[in-house]
Amino acid sequence: MTSPQAPAPDELAVLRQRYRRERERRIRPDGPRQYLDADAESGFCAADPYVGEVAGREPLRDTVDVAVIGGGFGGILAGARLRRQGVERVRVVDKGGDFGGTWYWNRYPGVHCDIESHVYLPMLDETGYVPEWKYSPGEEIRQHAVRIAQESGLYADALFSTTVTELTWEESSRTWIVATDRGDAFRATYVITATGTMTEPKLPGIPGIGDFGGRTFHTSRWDYAYTGGGPGGGLTGLADKRVGVVGTGATGVQVIPMLAEDAGHVYVFQRTPSTVDVRANRRTTAGDVGADREGWARERRENFLRVVSGGAFDEDLVADGWTSSAPLLEKLLPSFRRTGDREAFEAAYEVADAAKMNEVRARVERTVTDPATAEKLKPWYRYACKRPTFSDTYYPAFNRSNVTLVDTADTHGIERVTGNGVVVGGTVYELDCLIFATGFSVGVSGVHSGKLPVHGRGGTRLLDAWARHGVRTLHGFTSNGFPNLIRMGSLQNASSVNFTHVLDEQAVHAAALVAAAEAGGALVEPSREAEDAWLATLAEGAPDHEWFHAECTPGYYNREGRGRPNGPAAYPHGAPAFHELLRRWREESMDEALS
């Protein structure tokens, strides 16, 4: 890892000191507890602004083959892959009013995906769709989710505006009883949970947050009735409004330039600046991405996954900010990059990291005309401490006279909210509208948070079993004592920055498990010995990244400064290797394991 901008050793020492000082300015003793559940404060996130009054219906008491919990891409792909295996009755249940998951809820102005659309949108080969942009706007993504669901026949049995409240295994019938908040208690031979990694909006626990007298909402529940316009802009309702935005992560970076175009004045309340690299979005044609070849999309997404995971490749087909900075993702994505002497690797890694962050900070200086504002926008931490963002309009927005950056680092965030504004450093910023671009509680699904209790064989509760014995799975999908329950997600599985690719591989595996169990009249349930073997696999070669994240600026990657402990949380050799492991297991071991 080398760079022409590589800093000298004495510069690295200065950087380390600066990073530590900036971290201390932002660290809070309450850590993750600084955030509230989405439903803790009424009016911010609870309602679904995209449906009218939800129609009443009779509670269901029927039986389906598979119940899929979650209607985002994970649930849609599970349903689609099941249907392609010949499974007839697949019921997807989601609290939203339609398919889409994150892309159902996130319709704020400027919303786009930060992964190239030709690798992010799944099943392009199967549906024959070619995205119109290199980075798709949210509505194109949502419509593709709907397209897959329609072509897979998932609407017939789907339940929307419905939340699953409990899953209970009934040994006598060998079925799961699925209870919901609408009185349903239907049965399913198999249950697949696909409740996602970004489903629960989070709010900062700012004193007085419920006292604000103006209009306020979370970006995942955008109030277009108040702002006017749509995801493409035209927010005419804000022309004479003073708008405050809390949050400068991926959402804030996209929404703030849109607000700057239309609002009377925008106050951006920033605790920690993001790294904002070049986006260079543009329209694309089928010829640009080789969509005239069979299997073009699979080839492209496999190439992207291999590049960002540190694998060997002949050509970088996507060639964007993610792939050019792939070597710096080693602290986020366990992979096969870690070779040779560790001390030499870490030294080279730090040099490359510093060169990249110097490049980002130089971009701020070149773009933002006010030196004081530019200094506040510079990120002072290692590249992998926070998810990188990409925009060509974010930094220029701060050159506008109607945009004010309010740095909250020295007060560890906003001090309090009043009836007419926000207080930072003793100064009251009067507002008409307060928008929370504070994202989601990453990785907190209903099952893992306890909001969706799961009772397995003998009434054992899943979280109680894990509390006693630790998290135990086979490949992250299944657990002993919880037959025919298949969980999708990143726990003891593999991850990537392109999570829809990972989800599709998981969906293929889940569907294969169901098909094999049906063919053999077996239950999908690993033995304790199989779980032990998988835990040993996860532990062998697990990376030591705890020290790195302990030194990072606070954020969701390190539990707001509390650190990211080492442990058997993910497959340690990268997503490509994990997907190959699953393919071999299905070919060589699945039938025997389910016999």
Side-chain angles (χ1 to χ4, degrees), residues 36-42 44-48 51 53-72 74-76 78-79 89-102 104-105 154 157-171 173-202 220-221 440-441 443-467 479 481-489 491:
L36 305 172
D37 290 338
D39 55 2
E41 297 287 340
S42 62
F44 294 102
C45 304
D48 184 343
V51 298
E53 184 176 350
V54 177
R57 61 172 176 81
E58 290 296 316
L60 297 180
R61 298 289 187 271
D62 58 350
T63 300
V64 298
D65 297 315
V66 185
V68 179
I69 316 303
I76 293 167
R89 294 206 66 186
V90 178
R91 173 167 291 155
V92 180
V93 187
D94 195 272
K95 66 180 180 180
D98 199 349
F99 287 106
T102 297
Y104 174 84
W105 297 109
L154 299 181
D157 275 312
L159 294 181
F160 298 120
S161 301
T162 302
T163 300
V164 176
T165 56
E166 192 170 31
L167 298 171
T168 305
W169 173 254
E170 186 178 77
E171 189 72 34
S173 65
R174 302 215 321 181
T175 60
W176 285 93
I177 301 172
V178 182
T180 78
D181 63 347
R182 302 188 67 178
D184 304 305
F186 66 88
R187 295 173 184 273
T189 306
Y190 306 88
V191 170
I192 298 176
T193 61
T195 47
T197 61
M198 293 187 291
T199 61
E200 301 289 338
K202 67 181 182 183
S220 67
R221 305 293 191 275
F440 298 86
S441 297
V444 180
S445 70
V447 172
H448 298 149
S449 67
K451 291 182 178 180
L452 174 51
V454 178
H455 303 278
R457 186 177 285 115
T460 300
R461 192 168 179 263
L462 179 63
L463 290 190
D464 291 341
W466 285 354
S479 295
F482 299 86
N484 290 359
L485 175 68
I486 304 169
R487 295 179 306 277
M488 297 175 66
L491 184 66

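Note that these values count all heavy atoms, side chains included, but never hydrogens, waters or copies made by symmetry.
- Across I177, T63, V64, a single residue satisfies side chain to side chain contact (heavy atoms under 4.5 Å, CB included) together with F186, and that is V64.
- In terms of heavy-atom proximity, T460 sits nearest to A465 at CG2-CB, 4.0 Å.
- Proximity of V178 to L167: side-chain heavy atoms (C-beta onward) are separated by under 4.5 Å at one or more points.
- Summarising the geometry, atom NZ belonging to K95 is positioned 16.0 Å from atom CG belonging to L159; distances are rounded to the nearest 0.5 Å.
- A 4.5 Å side-chain heavy-atom check between F160 and D98 finds at least one atom pair inside the cut-off.
- In this structure, G100 and I76 approach most closely via the heavy-atom pair N-CD1, 4.1 Å.
- Atom CG of L485 and atom CH2 of W176 lie 5.0 Å apart (nearest 0.5 Å).
- Applying the side-chain contact (heavy atoms from CB on, under 4.5 Å) rule to D157 yields the partners R89, R91; only residues at least two apart in sequence or on another chain are considered.
- Closest of all the heavy-atom pairs between A78 and V68 is CB-CG1, 4.4 Å.
- Inspection of the R182 and S161 side chains reveals no N or O donor paired with an N or O acceptor under 3.5 Å.
- Side-chain contact between K451 and T195 is absent, with no heavy-atom pair separated by less than 4.5 Å.
- Considering every non-hydrogen atom in both S479 and R487, the closest pair reads OG-NH2, 2.9 Å.
- Looking only at side-chain heavy atoms (C-beta outward), F482 and V191 stay at 4.5 Å or farther from each other.
- The two residues M488 and G74 make their nearest non-hydrogen contact at CE-O, 3.5 Å.
- Legend: residues meeting side chain to side chain donor-acceptor pair (under 3.5 Å) with D65, ordered by chain and number and at least two apart, are absent.
- A donor-acceptor pair is defined here as one N or O able to donate and one able to accept, closer than 3.5 Å; such a pair exists between the side chain of D184 and the backbone of L60.
- Side chain of T165 to main chain of A179: a donor-acceptor pair is present (N/O by atom type, distance under 3.5 Å, no hydrogens or angles).
- Smallest separation of non-hydrogen atoms from V66 and A188: C-CB, 4.4 Å.
- Residues W105 and P201 form no side-chain contact, since every pair of their non-hydrogen atoms from C-beta on lies 4.5 Å or further apart.
- A distance-only check finds no donor-acceptor pair linking the side chain of Y104 to the backbone of G72 [under 3.5 Å].
- Side chains of R461 and P453 form a contact here, defined as non-hydrogen atoms less than 4.5 Å apart.
- In this structure, the side chains of N484 and W169 come closer than 4.5 Å at one or more pairs of heavy atoms.
- Taken to the nearest 0.5 Å, the CG atom of D181 stands 13.0 Å off from the CD atom of E166.
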